[in-house]
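Everything on this sheet refers to the single structure shown next.
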Amino acid sequence: MSEGHASEGHVIGVTEVDGAVRELLAGARGGVVPIVSAGNPVLRSQATAYDGQLDADTFAELIEVMRATMHAAPGVGLAAPQIGIPLQIAVIEDLFDVDMAVARARERTPLPFRVLVNPRYAPVGSRTAGFYEGCLSVPGYQAVVTRAAEVRLECTDEFGHEIDEVVRGWPARIVAHETDHLGGTLYIDAADTRSLTTTENYGELWSDPTPERAGQALGFTVDPR
């Protein structure tokens, strides 16, 4: 999620994963690798559950490269398919300093670095919220997506420890956005297309704490919270 590596659009098979990851890591520049853009089939394919396909050192290096690539973009989340690796692994981290009004309206709280392995989520309660989102794999655009305000996250971390917790507010949005990537879903699939704006116009016109004013001007309805 915003604030590639896959050769010739080829989706890497399960038996190719280890070699592909090693090749990717060998090509990293400053610990950073290219991000795959929309249109590459790896972003539209179901990622394979991670079940120890990589040795411990390679796995740890992959996580570090994903984190560095996320920071360099910059973004607050990155899924393995976004660097061409079809495994159910994502990293998230949101320590950006934002305006107090924005933080309050969006329930945007600091999210320390986390690794999500084989994540899944489900809405908790009926409360939803619609806000602008961007994606590192769909550069240059933002659109409003309505998501559950609270989700139950189930996964393991990078050490194999089980995670089962309720995540709220903006962190819940990040969790959902990155987990969706692992099932071949992009945020634009759920976005209100009338809200679509270039990132430049978003910054100049619509970066309010909430998208109500943009909705009035562009002709879309913002989901009530």
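Here the CG atom belonging to N201 is positioned 10.0 Å from the CG atom belonging to L196, to the nearest 0.5 angstrom. For the atom pair SG (C155) and NE2 (H161), the distance works out to 12.5 Å, reported to the nearest 0.5 Å. Atom CG of L153 is separated from atom CD1 of I92 by 7.0 Å, given to the nearest 0.5 angstrom. Atom NE2 of residue H181 and atom SG of residue C135 lie 3.5 Å apart, to the nearest 0.5 angstrom. One distance of note links OG1 of T146 with CD of E133; it measures 9.5 Å at 0.5 Å rounding. To the nearest 0.5 Å, atoms CE (M1) and CD1 (I174) are separated by 5.5 Å.
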Yes or no on side-chain contact (heavy atoms from CB on, under 4.5 Å) for F59 and V117, after CA distance, side-chain angles and deciding distance?
CA-CA 11 Å; F59 178 75; V117 178; 4.2 Å; yes
Would T179 and V151 count as a side-chain contact (heavy atoms from CB on, under 4.5 Å) here? Give the steps.
CA-CA 12 Å; T179 301; V151 300; over 6 Å; no
Give the C-alpha distance, both sets of side-chain angles, the deciding distance and a yes or no for side-chain contact (heavy atoms from CB on, under 4.5 Å) between M70 and V76.
CA-CA 7 Å; M70 173 181 66; V76 295; 5.6 Å; no
Step by step, would you call I85 with L24 a side-chain contact (heavy atoms from CB on, under 4.5 Å)?
CA-CA 9 Å; I85 302 301; L24 175 74; 3.8 Å; yes
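At a threshold of 4.5 Å between non-hydrogen side-chain atoms, the residues V175 and L111 do not count as touching. Counting only heavy atoms from C-beta outward, the side chains of Q82 and L43 approach each other to under 4.5 Å. Looking only at side-chain heavy atoms (C-beta outward), I63 and I89 come within less than 4.5 Å of each other. S2 has its side chain within reach of Q142: a pair of non-hydrogen atoms, C-beta onward, lies under 4.5 Å apart. No side-chain heavy atom of T197 sits under 4.5 Å from any side-chain heavy atom of L205. Here the side chains of E93 and V91 are not in contact, with every heavy-atom distance at 4.5 Å or above. At least one side-chain heavy atom of V145 sits under 4.5 Å from a side-chain heavy atom of R173. Residues V222 and V144 have side chains not in contact (no heavy-atom distance under 4.5 Å, counting atoms from C-beta outward).
Formation of a donor-acceptor pair under 3.5 Å by the R44 side chain with backbone atoms of V42 is not found in this model. No donor-acceptor pair closer than 3.5 Å links the side chain of E64 to the backbone N or O of L62.
Here the closest heavy-atom approach between residue A49 and residue N118 is recorded as CA-OD1, 3.3 Å. In terms of heavy atoms, V36 sits closest to G84 at CG2-N, 3.6 Å. Minimum interatomic distance between A79 and L182 (heavy atoms only, all atoms of both residues): CB-CD2, 3.9 Å. Residues A172 and A148 share a closest heavy-atom pair of CB-O, 4.4 Å. Shortest non-hydrogen contact noted between S137 and I35 is OG-CG2, 3.8 Å. Contact detail for G184 and D189: the closest heavy-atom pair is O-OD2, 4.5 Å.
E162 meets the salt bridge (charged side-chain N to carboxylate O under 4.0 Å, His left out) test with no other residue; sequence neighbours excluded. Taking the side-chain hydrogen bond (donor to acceptor under 3.5 Å, both in side chains) definition, one finds that D97 meets it with nothing, sequence neighbours left out. Applying the side-chain contact (heavy atoms from CB on, under 4.5 Å) test to E200 and every residue at least two apart in sequence or in another chain returns T198, E204. Annotation: side-chain contact (heavy atoms from CB on, under 4.5 Å) contacts of P209 (sequence neighbours excluded): A101, V102, A105. When the side-chain contact (heavy atoms from CB on, under 4.5 Å) test is applied to D57, the partners found at least two apart in sequence or on another chain are D55. Applying the side-chain contact (heavy atoms from CB on, under 4.5 Å) test to A38 and every residue at least two apart in sequence or in another chain returns V138, L186.
Around atom CZ of R194, no more than 12 heavy atoms belonging to other residues, nucleotides or ligands sit under 6.0 Å away. R106 CZ: more than 12 foreign heavy atoms inside a 6.0 Å radius. Heavy atoms from other residues, nucleotides or ligands lying under 6.0 Å from OH of Y132 number more than 12.
Following chains of ILVMFWY side-chain contacts shorter than 4.5 Å, one cannot reach V124 starting from L116, and the two form parts of different hydrophobic clusters. Linking ILVMFWY side-chain heavy atoms closer than 4.5 Å, directly or via other members, places L78 and V32 in two distinct hydrophobic clusters. Under the 4.5 Å side-chain heavy-atom criterion for Ile, Leu, Val, Met, Phe, Trp and Tyr, F113 and M66 are members of the same hydrophobic cluster. A single hydrophobic cluster is seen to contain both Y50 and I83, as judged by linkage of ILVMFWY side chains at heavy-atom distances under 4.5 Å, directly or through other members.
We find that E178 and R114 are not joined by a salt bridge, their nearest charged nitrogen and carboxylate oxygen being 4.0 Å or further apart. At a threshold of 4.0 Å, the pair R147-D180 counts as salt-bridged, since one of the basic side-chain nitrogens sits closer than that to a carboxylate oxygen.
Using cut-offs of 30° and 60° for the angle between ring planes, the Y187 and H177 rings count as parallel.
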